[in-house]
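What you are looking at is a predicted structure, and each value in this text was computed from that prediction instead of being measured. Counting starts at 1 for both ligands and their atoms, following the listed order.
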Amino acid sequence: MKHATLPISPTQFAPSKAVTRTHCPFCAFQCGITIESRDGAYLVAGDPTFPVNNGQLCIKGFNAGELLTRRDRITSPLKRTSNGGFESILWETALNEIAARWTSIRERHGANANACYGSGSLTNEKAYLLGKFARLALRTANIDYNGRYCMSSAAAAQNKAFGIDRGMPFPIADLPGASAVLLWGSNLADTLPPAMQYFDALRSAGGKLIVVDPRKTDTARAAAIHLQLTPGSDLALANGLLHLAVEEQLVDLDYIVRRTSGFDAVRATVSQYVPAIVERITGIAEPMMRKVVRLMADGRTMLLSGRGPEQQSKGVDSVLAMINLMLALGKCGMPNSGYGTLTGQGNGQGGREHGQKCDQLPGYRSIENELHRREIAAIWQVDAAQIPRKGLPTVQLLNALGSEVKSLLVMGSNLAVASADSTNVTEKLKSLEMLVVCDSFMNETAALADYILPTMQWAEEEGTLTNFEGRVLRRRVAAAAPPGVLSDLTILGELAKRLGASGFDFDGPADVFNELRRCTAGAIADYSSIDYLSIDDANGIPWPCNVDAPKGTPRMFLERFAHPDGKALFHAVEHRDAGEMPDEEYPLYFTTGRLKQHYNSGAQTRRISALEKAQPIPRLQIHPRLAQRLDLSIDARVIVQSRRGEVEFAVEVTSDMREDTVFAPFHWGGKSAANTLTNPSTDPTSDMPEFKLCAVRMKPDIIMNEPGVAKHA
Ligand SMILES: Nc1nc2c(c(=O)[nH]1)N[C@H]1C(S)=C(S)[C@@H](COP(=O)(O)OP(=O)(O)OC[C@H]3O[C@@H](n4cnc5c(=O)[nH]c(N)nc54)[C@H](O)[C@@H]3O)O[C@H]1N2
Ligand SMILES: Nc1nc2c(c(=O)[nH]1)N[C@H]1C(S)=C(S)[C@@H](COP(=O)(O)OP(=O)(O)OC[C@H]3O[C@@H](n4cnc5c(=O)[nH]c(N)nc54)[C@H](O)[C@@H]3O)O[C@H]1N2
Ligand code: SF4
Ligand SMILES: [Mo]
């Protein structure tokens, strides 16, 4: 079968206008863009009419059009050959063979031996359909997704404290109305650059920005106060700030009584976090802590967290400690105030709501809740008993590859680069009976696959995504897909058919959205009144959107939180060390994160010439005194070792670093893959791996001034 005979409607996927309004393919800011096709290229500009970015874009967005004309696009299904290369095969052959091998694995090892892996890059419709596909077509419990690496800690903490997880409970436009904003472990000057306009407005209105980050980032430089804390000490700092709030009688007792429960236990816990102890753990001096807590207690204040404190083995408790602080100060649910997390991936919000998580059904329902199972089973027209139970979360799933799990379908992630202890993950991927990757491009994970199924990308198909404010947006078609590629939705439908499953015949993305919408009615993430065609006119609709809130809900918690009694819950949490701490053998903290020019595993941005030219290689950021101690010059290359492996980096000497900490971006694979070093120990609640903290060494006798040439210092 050629792709033309598969059920895709050409009109649905053809761009209708010369200039199309749509959204950027990358981060959760989901900037409004316009795409114009001119002389064989696609020109991207900021859409001044879209109210979130107001016409601004970052360098990644401006250059995203190049992805649509890349010559290295995969345009036919590829199958691994016996000599380790790939051969092109027909769609019909690929789909039949994959389905037959899944069936054989299921017969030999049981249904849970087949697994799926999704992504916060997928549209809501894809995330939803992948979850349904795993449960009903493959009949496996084992599906998880890369949001596990991203939003899982903040999501778990918000669910515990507020009973709901919508990244930011208010629109970003509320920010300049605050008197102070505490940005905790986010470098949004590089990671959500158009957000800086709101901080500029905050400053102009007299508001203060406070940044908590072990590095002096561009975001920290824009702040009135920068707390350059010891990596991994966030929880102690948050408890220490609350200790001072109690001591200085800054807590809002009336709010605490009316709107929360559980404060007494938290007050007892933080009584131990006296300034001297907190100062020793965090490196932040007591007067500075007092200054910050007074600023945060006074007026309208917000605390927004990023991946810094979240991507740790205590990420959930660290976020809970921040929420405790904001609840005690009486801020959550108040105007221009409260706690929020800055969601990362393009659909990092919607991607965590519609059933691609191992414990979840659509609408943020729980797969272990009998009522939720029955509700979804009724829409799926199956018996509730047919829906599998909870499966393995990512790190456990990846560790089971090759043993309990024999096949993996990957849609929208470059696991071999993005996972902690990536050498181990690569070995696990190699040990599978069958790895299937759906992607538009070759990447380090696809290179290990048995089958690669080429997919349409962002501007070639439509669908909905939910931005960091919970605003459901519509992505539009602006470019024709090359012949030979299919939509992920079509691929799932065709594979489901071959597995004998029904319920996968859809007439395009809007049709899938309408089923998703029904599945969310009455659930936590309620999309039931969002009309697909009205999304554009409204410039996006924030959920919950239902009969009670037909225009959506820009601001949450104004009257009640989402727990049954309407109250927010305090959680008493204790500071603890990271899974691995610096010691004599490995004396330095190693932390990781992002550069402005590259996106995540780099699979897309390393292909865009302007971005590649601006940041061609990963550099290890180190403090000048550390460089001097190790006799490293600016152009030096260095080998960095952790207990899990070693990598080679070029060196960037910068006083933005602490002397005890080195930083590298994780956007590259191969010999400079930061994740070769990172520690896969996970948070016990969220299963988030510890990307932000492990111990490394750079021994003088392995410093290299030329690649491959060792020099004794
Ligand atoms: N340019 C660019 N933008 C992106 C992305 C990208 O890859 N590139 N990805 C998108 C995605 S998926 C995400 S999740 C977001 C992430 O957005 P951010 O959270 O802003 O990004 P990171 O660089 O991962 O981490 C933020 C900061 O955490 C700091 N940090 C490290 N250790 C600690 C610690 O122990 N405590 C504290 N408080 N801070 C610490 C780092 O120094 C870093 O500056 O960005 C989104 N936007
Ligand atoms: N050391 C370290 N590691 C980290 C992090 C860190 O801070 N430090 N951050 C973590 C975080 S927050 C994240 S989000 C992950 C992200 O890392 P990954 O999970 O690897 O995600 P990406 O690199 O964004 O995307 C991978 C692939 O998805 C493809 N893709 C995009 N859209 C679609 C689609 O619609 N369909 C299909 N089939 N494919 C698509 C792209 O072409 C690309 O090849 O990395 C995590 N890893
Ligand atoms: S900020 Fe995010 S959404 Fe906006 S242009 Fe940059 S990558 Fe795209
Ligand atoms: Mo992320």
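A cation-pi arrangement, defined by a distance under 6.0 Å to the six-membered ring centre and an angle within 45 degrees of its axis, is present between Arg80 and Phe86. In this structure, Arg215 satisfies the cation-pi test against Phe663, with its NZ or CZ atom closer than 6.0 Å to the six-membered ring centre and inside 45 degrees of the ring normal.
When heavy-atom distances to ligand 2 are checked against a 4.0 Å cut-off, Tyr149 comes that close through both its backbone and its side chain. Residue contacts with ligand 3 for Ala28 are absent, since no atom lies close enough (heavy atoms, distance under 4.0 Å). Counting heavy atoms closer than 4.0 Å to ligand 3, residue His23 contributes nothing at all. Under 4.0 angstrom from ligand 2, there are no non-hydrogen atoms of Ala674. If you look at Gln457 next to ligand 2, there are no close heavy atoms at all, none under 4.0 Å. Contacts of Asn675 with ligand 2, taken as heavy-atom pairs under 4.0 Å, involve the side chain alone.
Met151 does not count as a contact of ligand 2, since none of its heavy atoms falls under 4.0 Å from the ligand. The shell of residues lying under 4.0 angstrom from ligand 2, judged by heavy atoms, includes Lys126.
Close approach of ligand 2 to Leu122 is summarised as follows: ligand atoms under 4.0 Å from at least one heavy atom of the residue are 34 (C), 35 (O), 36 (N). Interface of Ala603 with ligand 2, defined as ligand atoms under 4.0 Å from a residue heavy atom, comprises 43 (C), 44 (O).
Nearest to atom 12 (S) of ligand 2 by heavy atom, out of Arg594, Met442, Lys692, is Arg594. Considering Asp439, Ile74, Asn414 only, the shortest heavy-atom separation from atom 43 (C) of ligand 2 involves Asp439.
Here Cys31 reaches atom 4 (Fe) of ligand 3: one of its N/O/S atoms is less than 2.8 Å from the metal.
Of the possible polar contacts, none joining the Ser419 side chain to the Ser422 backbone as a donor-acceptor pair under 3.5 Å is found. Panel note: side chain Gln312, backbone Leu693; no donor-acceptor pair is recorded below 3.5 Å. Under a 3.5 Å cut-off, the side chain of Gln158 and the backbone N or O of Ala155 do not form any donor-acceptor pair.
Between Phe133 and Trp102, the distance from one ring center to the other falls under 6.0 angstrom.
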Fill in: From CA spacing to verdict: salt bridge (Lys or Arg N to Asp or Glu O under 4.0 Å), Asp536, Arg21
CA-CA 9 Å; Asp536 281 351; Arg21 284 184 76 206; over 6 Å; no
